[in-house]
Structure formats: C-alpha cells, structure tokens
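Heads up, the thing below is written out as structure tokens.
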Amino acid sequence: MANTPEIETSAPPTAPHAKRGAAVMRVKKGVLVVCEGRAAKVLAIVSASQIWVSYLGTDDHQWVSLEALSPYEESDPSTPAPAEVRVEDDLEFERAAEWTRIFDRYMDCPALPPDVKEQIGKEMGVSRRTVERHFNLYQFDPSARSQLPCKSGPEKGTSHLGKAKLAIVDKAIEERYRVEERGSIQATTDLAGARCAAAGLEAPCYNTVLARIKTLDRWKLARERHGRVRGDAKAGPAGSGIPGKSDIKPLDFVQMDHAIVDVIVVDPETREEIGRPWITLAIDIATRCILGFYLTFDAPSQTSVAITLEQCCLPKDAWLKGLGVSDPWLPFGLMKVIGWDNAKCFRNTNLINACREHDINPRYRKVRNPVHGAHIERVIGTYMGRIHLIKGTTFSNTKDREDYKSGKKAIMTLQELELWTIHEINGRYHNTEHGGLERTPLEAWNEAWMQDGVTRLPPIPADRRDFRLSLFPRIQRTAGREGIQRFNIKYWDEGLIPLIGDKRKFWVAHDPRNISRVYVLVGSTWIDVPWRDRTRAPIALWEWVRAKRELRKRHNGPVSNAAAFKHIEAQREIEKKAAKKTRQQRRDQQRRPEDDRPKARVHAVDYGDAPVLLSNPLAGRP
C-alpha cells in the first residue's frame, strides 16, 4: 500500500504507584505489537478494524482490530533496563519492607513535604536526598523489591558502543551472520572492524560482536541461518504434533519410520563386509512400546511397510521361536491410526486401501515438519545410540567416526543383528524406565490391558495370510488359457482352470523378495500360483529387472525370458566361483531368496529315442 495509515492511541493514566508502561502506542507498518499474547509484526493497515499482522516465529497471518493489539516493549540497548537487585541477607529485606511501610502512609501524595522528608530521614538514619530517591523508586514500583540495594557496575543489557559503531556492527551482522551462508562470528567481526577502520573508529573485538548477536531473537536467527525446518529444530518449540495426547490409549496412535542402521554387516560365510542395512520401526505413542521392526538390505518400500505392519499387528511367537528366542514379545495388535511421513512407499494407493480395509487410518505428517514424528525419531535415535556400541559401527557421521575402521571391525551378520535387535528392544528397552512414563514401557502396556484383575488381549487380524498379502504390492489381472502373466512371466496352477474365460479381473499380489510365485485373490481366498517353468530357481524382482535391463542394453532391443534366466544363472555361477567377492556381490547374494525346491529332482523323460528291447527277455535268467 502506497499510503499506509498510522494509528496513534493514548494509554489511560496510571496511578502514581503503578508500574508505568508506554504512554503512547503508535501502530504503523513494520512495528512490533502483542496480539492475543503473541508477538506479531504489522504488515498492513486498512483501518482501525482491519490490520494485517504476522506472528513472529511462525507462518501465521491474521486480520485483527486495533482493540486486540497492545504495545511490544522491546529492549533498547541505549536505554538501561531496571537495575538488578543484590540479595545478601534477611536484614536487607527487612529494611526494604520498612521503607515500603513508611511510604504506604503517603501513597496518595505526588511529593513528600520537606518536614516529612526530614522526619523519615531521622527515622531511617539517612539524608533527605536518600529519602527522595527511595520515594521515587516507590512510585515506580510499590513492592519491597524496588527498595533493595542494586548491584554495582553497569546494568545488564547496556551497550558502551557509540551509535555509529553500533550501526556498523548491526549492519555487519545482518550481511555476514544472518544469512544462509552462515558466516562465522570471526568473519563478522573482521567485516565490522574493516568498516570501523574506514570510518576512523576503533574496531570492535570478538566478544563485543558475540554479545550483540546474543541480544537477537534466537528462533528468528536460526531460521535465517538454517532455513525454516532446520531452524525450527534447533531453536523452535518442540510441540507434540498429536492432538489430545494426554487422553491417548494403547494402539490409538502408532508412528512408523525408516532409517539406515549405523553399523556394517558381514557375510555369514566369508565374514567380509557387505554394507549397512535399513530398519523399519513402529512405536505405540501411549506406552512407548515398539510393536515391531524389519531389517533388510532393500531400500524402504511397500514390502518393508507390509512386513513391519504384520509384525506389529500379530503375535510374534513363531518368528521368535525360529530365531531361538524364548521370551514373549507382548506388545502387538491392530492400531487405529498409523502415522508416517510423506515418503513414496507410504503413499501407495494399494497400501492405503489395505490399511483402511482393516480399520487402520493412515495419517501423514505436515510436509517438512519432522517435529510431528518426534516419538519415532527419538526412539530411532535411542536405537542408533546403542548400535554405536557394536563393533563395526559407522557412528552418526564422519566427524564422530574419526579414524575408526568400521569395515575391518565389523563382526555381525544380518541375522545376528536381527537377533541382537530383538534382545535390545524386547529385553532392555521394554524393561527400562521411561522418563516420560515414570515406569517401563512394558509396565505401561500391561497396566493398560489389565481391567478388574483380568488381562484383556488387543484386537488382531482374523486371517494372518490375508492380512499380509493384502499389504503386498498387487495389481488386477485376468486368467487366460496360459495362466496369469506378471513381469512378462507366465504363472500357472490348476486352481486357475475355473477362472479361464471369466472376464473378471482378480487381484494378483507378489512378494518382491521372491517372484517364483504370485498370489491370486479368488473370492476371499488367496491361492498360490507358481511360474510355469518350475525347474527355475527362485529369484527376486530386482534380479529380474536388472537382468532384463542389462541384456536389453547389450542387444539394443527386447530379449527373451530364457535369455534373462540364463543371464541370472551365469551371474550367480560367477559369484560362486569368485575367490574374493566384491561388496556389492556379497550384498546381492544376501538379498536373494532361498531355494526352497526339493533337493531330489525328477528328471524329465526324453521320448525322442526309441526304447531298446531285449531280443530274449528271459535270457540269462535261471
């Protein structure tokens, strides 16, 4: 607006003994005000009832009226702040209270008569000038605190810089320190010193510039140097991001996230390093119990989310027994709300629909607001802190790692790390007192599910297999005479015979870790459909995609499935014969599915050659 109006209001008169504030409040564009208890800046003025303000430290804007505004008393370094009192013993408080009691008798007097000053001076043993000084303090603040003696020396917050030098220092801070390039304090001091020297002034020292920087708004300064997200994380309020958190119950709200583990994993046979795996964790907000996790070398995907959700919502007895763990993992059950970030693996439509089919409501965080996932971020940080105690850790960054040789120190395989994680979470973390709960997470879980002395069980999916497969990647396909085609591979099973010629499309799910079979949803039942050539060893989806891509690039055109399978078998044979496997090869080998085909194979009969008949079948017999 070209002509921004200015509104000036006068504050009501105050009592002589009341604490005096600003006598006049001038509201104009750019000034700071207080609106609804929050600091704000005036951006535009249309009229007394239409004032556009923005709240400091946030992105909130609002139209308000003049009645909603009050003065913002910003400290000015040129104006000394009220003196800071010095407290040594109770005698000083008694004498201060005595001054207050005497002046209370003359509360309504704007000034003390000379005879009264003389009388008070004799009573307190001081001069008339001292009585005047104490009475002036009483008029500013009638409490006993205003009569206490003050500290010697300059007042806190005062500046001894002249106006010219102060302006140069502020300009240097604005151009060198309050910018995204994040100049250092020393660089800011050098710039201010050069400009002061050019102006014929004495250069400020490092501590002078540092003291001036400390007077700035810490939150606003962090945003200017680090951006909104990082600045809020460093200096902004924490906030829970979960409405009604105090009334939340177990399984009402669960948070999930991925992270790459700060440790190098080794090959189970050669014990040579492979790389760092990914972990997917889920935590119950009410009890801080970890409901499940999943470790893999694959990048975060819908499969990672599906397997972790299966672990969270169903008992883990069979899984623990297979790993040789006897202790039960009690926290599990269907959650009402699952909270995660805006990663691509969480935005899959099939995954969202599958969650809603089981009454799980996905909730996404606000974009670029990691504070809304504070609980899962904190538990991942706690887990990584424990990981840093394992040999082969990479620590949080190269600065912390220093000269530590993570690859050479690595000792754990992926399965051993999985077993270690189970004991770390189910054994140590669940049984360690949590500061926010004042008890252990497991105690909080057990108390929540105990009612009238009877333990209740959380709800779980009725069909484990249906729950898992519904979360896996899936697509709709029709069944033909040759079965079902997926990934340009034919899949066949006799169970598809009744579906041939049916024009309906059926859901076909697959596990990317092993595409030797797919799963077709017929009615409410999932049936396994293996690929037609069952002599082929199981492969993962990433192997199939890579083989097709390499052959297509080599031949500059499409390739057959037989060539792709032959290429995969050749790659595996080369890796087996290699004396020293590379890191990527060892990593790929760990990601492949196990060959679950029967060891004794029945060889196909060759009907091309005629059978050899004996001329005398009975010859040679007794």
Side-chain angles (χ1 to χ4, degrees), residues 8-27 31-39 66-163 165-166 207-208 210-218:
E8 179 175 327
T9 61
S10 299
T14 56
H17 61 274
K19 183 177 180 179
R20 294 192 178 99
V24 175
M25 180 177 70
R26 292 181 173 86
V27 180
V31 302
L32 297 179
V33 293
V34 176
C35 181
E36 299 178 354
R38 302 166 64 186
L66 182 62
E67 296 179 354
L69 304 181
S70 57
Y72 181 89
E73 298 181 5
E74 188 174 14
S75 60
D76 187 356
S78 61
T79 304
E84 187 175 354
V85 299
R86 172 176 55 85
V87 181
E88 292 186 355
D89 51 38
D90 294 338
L91 295 177
E92 292 180 349
F93 279 105
E94 293 178 3
R95 184 170 178 81
E98 183 66 22
W99 280 110
T100 304
R101 284 193 295 269
I102 292 174
F103 292 140
D104 284 342
R105 291 177 285 179
Y106 307 97
M107 180 185 303
D108 298 330
C109 298
L112 295 176
D115 57 338
V116 174
K117 295 179 185 177
E118 189 74 27
Q119 179 183 353
I120 296 176
K122 291 181 181 180
E123 184 177 348
M124 300 298 292
V126 296
S127 64
R128 290 173 55 184
R129 181 74 184 99
T130 302
V131 174
E132 290 179 2
R133 180 169 57 84
H134 279 275
F135 186 69
N136 291 336
L137 292 174
Y138 175 82
Q139 287 185 309
F140 182 78
D141 183 1
S143 66
R145 182 176 179 81
S146 65
Q147 306 299 326
L148 289 169
C150 303
K151 288 184 177 181
S152 58
E155 304 296 344
K156 184 177 180 181
T158 58
S159 175
H160 298 285
L161 298 176
K163 291 185 177 180
K165 187 185 293 187
L166 186 63
N207 289 336
T208 299
L210 175 60
R212 187 60 181 164
I213 290 174
K214 288 183 177 179
T215 63
L216 303 176
D217 187 330
R218 183 171 176 266

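Below, each value reflects all heavy atoms present in this structure, side chains not excepted, and no hydrogens, waters or symmetry copies.
Taking 4.5 Å as the limit, some side-chain heavy atom of Gln147 sits within range of a side-chain heavy atom of Thr100. Here the side chains of Val34 and Leu69 are not in contact, with every heavy-atom distance at 4.5 Å or above.
Closest approach of Arg128 and Pro114 over heavy atoms only: NH2-CB, 3.7 Å. Closest approach of Ala144 and Ala96 over heavy atoms only: O-CB, 3.4 Å.
Screening residues 103-124 for ring pair (Phe, Tyr, Trp, His ring centres under 6.0 Å), with sequence neighbours left out, gives Trp99-Phe103, Phe103-Phe135, Phe103-Tyr138. Under the side-chain hydrogen bond (donor to acceptor under 3.5 Å, both in side chains) criterion, the residue pairs touching residues 109-127 are Lys117-Glu132, Ser127-Thr130, with sequence neighbours excluded.
Taking the side-chain contact (heavy atoms from CB on, under 4.5 Å) definition, one finds that Ala39 meets it with Leu56, Tyr72, sequence neighbours left out. Contacts of Glu98 classified as side-chain hydrogen bond (donor to acceptor under 3.5 Å, both in side chains), with partners at least two apart in sequence or in another chain: Arg101. Checked against side-chain hydrogen bond (donor to acceptor under 3.5 Å, both in side chains), Arg38 has the following partners two or more places apart in sequence or in another chain: Asp60.
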- For side chain to side chain contact (heavy atoms under 4.5 Å, CB included), just list the numbers for His134 and Met124, CA-CA rounded to whole Å, side-chain angles, deciding distance to a tenth of an Å, and then say yes or no. CA-CA 11 Å; His134 279 275; Met124 300 298 292; over 6 Å; no

- Message: Using side chain to side chain contact (heavy atoms under 4.5 Å, CB included), reason through Lys165 and Thr208 one step at a time and then give a plain yes or no.
- Response: CA-CA 11 Å; Lys165 187 185 293 187; Thr208 299; over 6 Å; no

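The neighbour count for Arg105 CZ, taken as heavy atoms of other residues, nucleotides or ligands under 6.0 Å away, is above 12.
Taking CD of Gln139 as the start and SG of Cys109 as the end, the distance is 9.5 Å to the nearest 0.5 Å.
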